[in-house]
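Just so you know, ligand 1 is whichever comes first in the structure, and atom 1 is the first atom listed for that ligand.
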Amino acid sequence: MSDKWICLIVFLILSISSVSGFAQPTSTTAIKCGRLINPVDGSVTSNAVIIVRGDLVVQVGANLAIPPGAKIIDLSGYTVLPGLIDCHTHTLLQPEDERGAPPVITKSQAFRTVQGVAAARRNLEAGFTTMRDLDSEGAGFADVAVRDGINRGIIPGPRLLVSTYALTITGGHMNNAGLNPDIPIPEPATLTDSRDAMIAEIRREVKYGADWIKLYATGTLRHVDPVTLEPLSQVSLDDVKAVVAEAARWHRDVAAHAYGGDGAKNAIRGGVRSIEHGMLMDDEALKLMVEHGTFWCPTLCVYLPESSEDDTDMRRRIVAHHKEVFQKAMRMGVKICFGTDVGAFEHGTSAREFIKMVEYGMKPIDAIRSATVRAAELLRMEKQLGSIESGKLADIIAVDGNPIDDIKALTRVTFVMKEGKVFKSPTKD
Ligand SMILES: [Zn+2]
């Protein structure tokens with residue numbers, strides 16, 4: 001039979017099957033795990049098998065029979081766990097942007113997007129299959145473009161939940177500081193100096209693709225009182241209530257950058273879903289978080305001094321406070337989520353935060369929970385993400401070593417699957 005006839009027959013078969021509604025058979029994969037960590041109950045199972053069909057996990061268990069015809073992925077030399085979730089990232093920010101001139105002056109948004117595409121890949125290959133990207137740091141709606149490119153399979157990257165611009169105030173955080181006011185320069189966030197402006201900005205962000213709303217409830221380090229360590233409060237309780245209510249209209253949640261003080265308390269009382277950083281919070285703020293069920297992303301590492309210039313007395317006091325608040329929050333039962341601020345440091349290295357969390361006294365399994373089940377709850381995606389269970393998305397990673405004994409194993413990611421598709425593998429296939 002000629003090639004032409006074969007092509008015609010194949011075409012006819014495909015046409016008939018699509019007309020009559022026969023779906024293409026979904027591929028089945030069996031993953032053999034050396035160890036499998038279940039963050040839900042903290043169990044570690046030897047020789048578990050995960051059966052993946054299409055983009056979903058369909059079965060998990062010890063020594064399961066492998067369905068005939070299934071593709072086998074052998075991870076018997078590794079520890080397998082759910083894809084990790086970093087709840088505080090900046091895909092469009094690069095470490096060099098934190099030094100020198102602000103990127104809104106030196107880089108085009110197109111160039112920042114190119115860098116963001118590379119960053120997304122590095123973060124995925126480091127085991128982060130989901131990231132809540134908490135503002136594009138002046139790169140406009142480029143985070144929406146990167147998210148959509150990933151979702152459409154054009155580029156590899158984590159599942160991104162993006163917040164586009166952020167809401168701040170004139171003179172507060174995310175303003176260009178120390179520049180000539182006579183030259184019009186875009187600000188890294190949107191200056192919303194009234195409640196009406198905040199509401200209008202939320203509508204604009206949602207219109208152009210924001211999944212989350214990011215609010216700067218306090219200032220940054222340069223605004224902290226060097227004697228009392230009091231942060232600059234940028235919002236009133238009524239401001240926060242207005243922001244949360246408007247976000248809720250669009251079924252969006254609010255993440256508040258808040259170091260502590262009144263800004264953090266107003267954010268918690270006003271109903272934000274998560275507090276970011278929070279290193280200067282007092283006991284009252286922690287109690288309020290427990291009462292309101294507010295999540296906390298501590299982002300411990302990003303505040304550690306990285307140069308002798310940073311290593312000031314004030315910075316050392318802030319870092320010591322951060323550690324103390326983290327330990328108190330664990331004791332009081334605050335819902336701690338894994339968040340890093342990656343972008344302010346090298347993309348693909350978020351796992352360093354796990355090491356610091358454990359160094360500060362968190363159990364390794366709880367550190368893993370903070371980046372899986374608990375993070376999925378923060379994102380309201382607990383039905384799809386956070387654990388390897390039948391019916392959930394097949395976001396699965398493997399690491400070299402056992403992170404329960406040695407948390408550093410989470411820096412050695414050898415295998416990454418997102419929605420059933422393999423992006424990194426220790427074997428050639
Ligand atoms: Zn941040």
Near the Zn ion (ligand 1) (under 2.8 Å) - protein N, O or S atoms:
H88 NE2, H90 NE2, D341 OD1
Matching residue for L286 among R331, M281, E291 - test: side chain to side chain contact (heavy atoms under 4.5 Å, CB included)
M281
Could you give the distance from CG (D143) to CG (L93), rounded to the nearest 0.5 Å?
12.0 Å
Do we see a donor-acceptor contact under 3.5 Å between the side chains of S387 and E389?
yes
Does either side chain, that of E276 or that of H257, offer a donor lying less than 3.5 Å from an acceptor on the other one?
no
Any ion pair linking R122 and E346 (charged N to carboxylate O, less than 4.0 Å)?
yes
Counterpart residues, salt bridge (charged side-chain N to carboxylate O under 4.0 Å, His left out), relative to E306 (two or more places apart)
R352
